Participant: 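Attaching a single structure in structure tokens format; questions to follow.
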Amino acid sequence: MSTQEHHLKQELLERLGSDPLVFRYLESGALDGMWYWDVQQPKHVWLSPGYKALFGYTDDEVPNDSDWWQQNIHPDDLPLVLDNFKRHFKDPGCPFDQVVRYRHKQGHLVSVRCRGVATRDESGRAVRMLGTHTEVSELNRLVEELQHRKDHLTNLVKSIPDAVITVGVDGVIEDANPASGDVFRTDAKTLIGKPVLSLFPPEVARAIDIDRRNTGGMDFLKGAVLAIDALRSDGEDFRAAVSINAFRTAEGHKFVWLLKDVSPELRHEKERQSLTRALEEKNRELESIIYASSHDLRSPLVNLQGFGRELRHACEEIRGALNGVELTDQQQQKLHSILEARIPEALGFIDASSRKMDQLIRGLLKLSRLGREELHLKVLDMNKLVQDVKNALEFSLREREVEFEVGDLPCCIGDEALLNQVITNLIDNAIKYLDPARRGHIKVYGRARGRQSEYTIEDNGIGIPHGMLEKIFEVFHRLNPQSDVKGEGLGLSIVRRILDRHNGSIRAETSDGIGIKFIVTVPAPRPSEMNNSTKKVHHAGI
């Protein structure tokens with residue numbers, strides 16, 4: 001190849017010496033600043049206007065003096081520059097090229113890349129030096145930001161409790177976070193350099209490898225989410241949830257494998273399912289026992305009631321048979337006590353106990369049937385449902401002069417008949433336990449809370465003590481056992497049971513003597529379910 005200078009290059013060199021315009025363009029357009037230094041007379045240096053403007057000065061504000069730049073360069077960077085000067089003067093093969101900081105006129109620091117080359121005499125001694133400055137402040141800022149992000153990302157990956165493994169296109173592990181060692185029970189560094197398929201049992205590795213060979217590489221795994229068996233370093237296998245994503249580098253594609261040990265979750269889920277099945281079975285057994293016991297108790301109760309009537313009838317016959325029979329005063333007094341006082345009193349107790357037992361048996365049967373009934377779930381307009389309940393209780397509300405207030409209620413998913421029973425029981429309780437010392441006020445309002453609809457039934461009645469808030473939901477517990485309010489104490493138990501079957505809940509809040517709030521939650525419909533379509537779902541009793 002010819003070593004002759006290109007004619008255009010030669011022309012440019014000649015014009016640099018003869019045409020100031022060319023020099024001014026190179027000075028102002030191609031570089032941020034230039035400097036030309038007399039190495040033999042170190043005080044003498046020419047600093048271009050662009051050099052001075054880089055630090056906020058006009059040409060006449062900065063003397064062409066080497067003292068100026070040594071005074072304005074960052075003191076930590078000056079030794080580096082002076083040392084590089086010496087190295088370059090001694091050996092032309094050592095480049096003079098470094099990033100240094102200068103103080104700007106306004107006080108902040110400016111980072112510049114300072115480069116230069118020495119011209120030498122016939123003996124090789126440096127006599128002049130031509131240099132340039134290029135501002136790199138923004139570049140430095142970007143480098144620092146990238147380093148900060150890299151450090152943040154590195155620390156983030158290190159803090160992840162699951163295994164994060166970087167894999168090359170050849171399937172070899174290139175990096176692994178510390179948690180990888182915990183997951184595979186080894187030092188994470190020992191994983192580097194191993195085939196990623198060695199982390200899996202042979203049959204799993206073979207299946208992945210077949211797919212890899214059939215598709216010509218690891219790209220087939222991009223975006224994959226797998227649930228597969230993995231292998232610890234001690235040979236124990238475990239279930240892993242694996243997600244794989246690809247990213248591109250200068251060397252090509254890399255793959256990030258995220259492996260989470262889900263064995264504990266699977267074990268806990270199996271235990272939970274087992275316990276749930278056992279609980280459902282016990283509930284079914286309990287319901288069967290309650291149902292059978294209630295039916296078995298019905299027969300002796302019927303006998304008891306029947307024989308009570310027989311006794312009452314027998315007493316009437318005895319009274320008739322005694323008419324016209326002459327008895328002494330003592331005999332008449334004794335028979336009167338037996339027939340008119342003692343037997344009627346005993347029969348009264350028998351009747352009262354029979355009625356109470358009948359109520360309890362009916363309540364138990366009602367409670368046991370709740371777990372057997374099929375739920376007919378659909379989207380419910382709770383504004384309409386509450387209005388229907390209010391209409392059904394209108395006589396009681398008017399009789400007690402109760403102010404009834406209803407807010408706008410969100411829809412929910414539920415069995416219309418059963419949720420009607422829930423609202424009816426709660427409003428009926430509110431009416432029954434109003435405080436006679438003040439006018440009754442019952443409020444029903446609601447709100448949507450994520451995937452739940454929440455309804456509050458609030459009254460200003462007699463309230464209950466805080467310590468009784470949970471007891472009121474127990475079977476046969478009554479809010480006020482001494483009151484004249486009729487009932488078997490099953491209303492709130494039934495309400496809770498119904499809501500349990502709906503995957504809902506109920507809780508009570510109260511201020512002693514100032515009413516009570518019942519807060520009911522029921523699943524809310526999804527937007528796609530707002531067509532009010534009915535769907536049947538059978539739930540085992542909970």
Side-chain angles (χ1 to χ4, degrees), residues 162 223-227 239 241-243 245 258 260 262 264-266 268-277 279-280 283-284 369-392 405-427 442-458 473 492-509 517-542:
D162 304 317
V225 179
L226 312 173
R239 196 67 170 171
V242 183
S243 62
N245 288 286
L258 178 64
K260 178 179 177 61
V262 294
E265 287 88 341
L266 291 176
H268 295 155
E269 177 61 19
K270 287 181 180 178
E271 292 173 355
R272 187 193 68 79
Q273 291 177 356
S274 177
L275 289 172
T276 299
R277 286 193 297 270
L279 182 59
E280 289 174 351
N283 277 326
R284 282 192 291 271
R369 291 191 190 107
L370 282 177
R372 298 167 178 267
E373 293 180 0
E374 183 180 8
L375 293 182
H376 300 275
L377 300 179
K378 66 177 183 179
V379 178
L380 296 179
D381 180 352
M382 292 299 288
N383 292 292
K384 180 179 182 304
L385 188 146
V386 171
Q387 185 61 46
D388 290 344
V389 172
K390 177 180 180 294
N391 292 341
E405 180 183 347
V406 183
D408 188 39
L409 304 175
C411 293
C412 71
I413 291 284
D415 182 296
E416 185 171 9
L418 291 178
L419 288 188
N420 184 294
Q421 185 176 353
V422 167
I423 300 300
T424 298
N425 283 8
L426 294 176
I427 294 177
I442 299 173
K443 291 196 300 182
V444 181
Y445 50 94
R447 59 175 176 167
R449 297 191 65 185
R451 297 294 300 121
Q452 298 284 317
S453 294
E454 183 181 276
Y455 309 99
T456 301
I457 295 86
E458 179 181 352
F473 297 104
L492 292 179
S493 300
I494 289 172
V495 164
R496 172 167 277 184
R497 187 61 176 276
I498 291 173
L499 293 172
D500 283 346
R501 293 199 63 204
H502 281 77
N503 293 322
S505 66
I506 182 170
R507 70 179 190 276
E509 296 178 359
K517 291 182 185 179
F518 287 102
I519 298 96
V520 171
T521 64
V522 188
R526 297 183 177 87
S528 60
E529 295 172 324
M530 291 301 291
N531 58 3
N532 207 37
S533 59
T534 303
K535 55 179 181 178
K536 295 182 179 180
V537 181
H538 179 72
H539 291 272
I542 298 175

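Keep in mind that what you see is a predicted model, and the values were worked out from it rather than measured.
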Participant: Take Asp408 and Asn383 through the side-chain contact (heavy atoms from CB on, under 4.5 Å) test and state the conclusion after the steps.
Facilitator: CA-CA 7 Å; Asp408 188 39; Asn383 292 292; 3.5 Å; yes
Participant: Please report the C-alpha distance between Gln387 and Asn391 in whole Å, then the side-chain angles of each, then the deciding distance to 0.1 Å, and finally whether the side chain to side chain donor-acceptor pair (under 3.5 Å) criterion is met.
Facilitator: CA-CA 6 Å; Gln387 185 61 46; Asn391 292 341; 3.0 Å; yes
Participant: So which atom in Pro525 and which in Val379 form the shortest heavy-atom distance, rounded to 0.1 Å?
Facilitator: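 That would be CB-CG2, 3.9 Å.
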Participant: Minimum heavy-atom separation for Ala524 to Ser453, with atom names?
Facilitator: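 Result for this residue pair: CB-OG, 3.4 Å.
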Participant: Between Leu419 and Val522, is there a side-chain heavy-atom distance shorter than 4.5 Å?
Facilitator: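 Yes - at least one pair of side-chain heavy atoms lies under 4.5 Å apart.
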Participant: Under a 4.5 Å cut-off applied to non-hydrogen side-chain atoms, are His268 and Glu271 in contact?
Facilitator: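 Yes, close enough: below the 4.5 Å cut-off.
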Participant: Start with the C-alpha gap between Leu380 and Ile413, add the side-chain angles, then the distance that decides, and say whether side-chain contact (heavy atoms from CB on, under 4.5 Å) holds.
Facilitator: CA-CA 6 Å; Leu380 296 179; Ile413 291 284; over 6 Å; no
Participant: Residues two or more places apart in sequence or in another chain: which of them pass salt bridge (charged side-chain N to carboxylate O under 4.0 Å, His left out) with Arg451?
Facilitator: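 Here no residue qualifies.
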Participant: Is there side-chain contact between Arg496 and Ile498, with at least one heavy-atom pair below 4.5 Å?
Facilitator: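 Heavy-atom side-chain distance check fails, nothing below 4.5 Å.
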Participant: Give a yes or no on whether the backbone of Asn420 and the side-chain of Thr424 come within a donor-acceptor separation of less than 3.5 Å.
Facilitator: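 Yes; at least one donor-acceptor contact below 3.5 Å.
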Participant: Should Leu418 and His502 count as side-chain neighbours, where that means a heavy-atom distance under 4.5 Å?
Facilitator: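 Touching, per the 4.5 Å side-chain cut-off.
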Participant: Considering residues at least two apart in sequence or located in another chain, which fulfil the side chain to side chain donor-acceptor pair (under 3.5 Å) criterion with Lys390?
Facilitator: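 Listed in chain order: Glu394.
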Participant: Is any side-chain N of the basic residue among Asp388 and Lys384 closer than 4.0 Å to the acidic one's carboxylate O?
Facilitator: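 A salt bridge links Asp388 with Lys384.
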Participant: Answer whether the closest heavy-atom distance between the side chains of Val520 and Glu454 falls below 4.5 Å.
Facilitator: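 Val520 does not reach Glu454 side chain to side chain.
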Participant: Listed by chain and number, what are the side chain to side chain donor-acceptor pair (under 3.5 Å) partners of Thr521, not counting sequence neighbours?
Facilitator: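 In terms of side chain to side chain donor-acceptor pair (under 3.5 Å), with neighbours along the sequence ignored, Thr521 is linked to Ser505.
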Participant: Do the side chains of Glu458 and Ile442 get nearer than 4.5 Å, heavy atoms only?
Facilitator: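 Sidechains of Glu458 and Ile442: no contact.
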Participant: Under the rule for side chain to side chain donor-acceptor pair (under 3.5 Å), what residues qualify as partners of Lys517, not counting sequence neighbours?
Facilitator: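 Applying side chain to side chain donor-acceptor pair (under 3.5 Å) to Lys517 gives none.
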Participant: I want to check something: taking the side chain as every heavy atom from C-beta on, are Leu492 and Asn425 in contact at a cut-off of under 4.5 Å?
Facilitator: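 SC-SC contact between Leu492 and Asn425 ruled out.
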Participant: Restricting to non-hydrogen atoms, name the atom on Ala241 and the atom on Val262 that form the minimum distance, rounded to 0.1 Å.
Facilitator: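 Closest approach of Ala241 to Val262, heavy atoms only: CB-CG1, 3.8 Å.
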Participant: Apply salt bridge (charged side-chain N to carboxylate O under 4.0 Å, His left out) to Asp162 and list each qualifying residue two or more places apart in sequence or on a separate chain.
Facilitator: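 Expected list: Lys260.
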Participant: Calculate, to the nearest 0.5 Å, the distance between atoms CE and SG belonging to Met382 and Cys412 respectively.
Facilitator: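 One finds 4.5 Å between CE of Met382 and SG of Cys412.
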Participant: Quick one: list whatever passes side chain to side chain donor-acceptor pair (under 3.5 Å) with Arg239, sequence neighbours left out.
Facilitator: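 Checked Arg239 against side chain to side chain donor-acceptor pair (under 3.5 Å); matches are Asp229.
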Participant: Using modelled atom types only, decide if a donor and an acceptor are shared between the side chain of Asp415 and the backbone of Leu377 within a distance under 3.5 Å.
Facilitator: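 Not confirmed, Asp415 side chain does not pair with Leu377 backbone.
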Participant: With rounding to the nearest 0.5 angstrom, report the CZ to CZ distance, Arg507 to Phe518.
Facilitator: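 CZ of Phe518 is found 12.0 Å from CZ of Arg507.
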Participant: Atom CD1 of Ile519 and atom CG of Leu426: how far apart are they, to the nearest 0.5 Å?
Facilitator: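 If we round to the nearest 0.5 Å, Ile519:CD1 and Leu426:CG are 10.5 Å apart.
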Participant: For Tyr455 and Pro410, indicate whether the former's side chain and the latter's backbone hold a donor-acceptor pair under 3.5 Å.
Facilitator: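 Checking the backbone N and O of Pro410 against the side chain of Tyr455, a donor-acceptor pair under 3.5 Å is found.
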Participant: Ignoring hydrogens and geometry beyond distance, is a side-chain donor-acceptor pair present between Glu405 and Tyr445 at under 3.5 Å?
Facilitator: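 Absent: no donor and acceptor within the cut-off.
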Participant: State, yes or no, whether a side-chain contact exists between Glu416 and Leu385 at a heavy-atom distance under 4.5 Å.
Facilitator: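 They are in side-chain contact.
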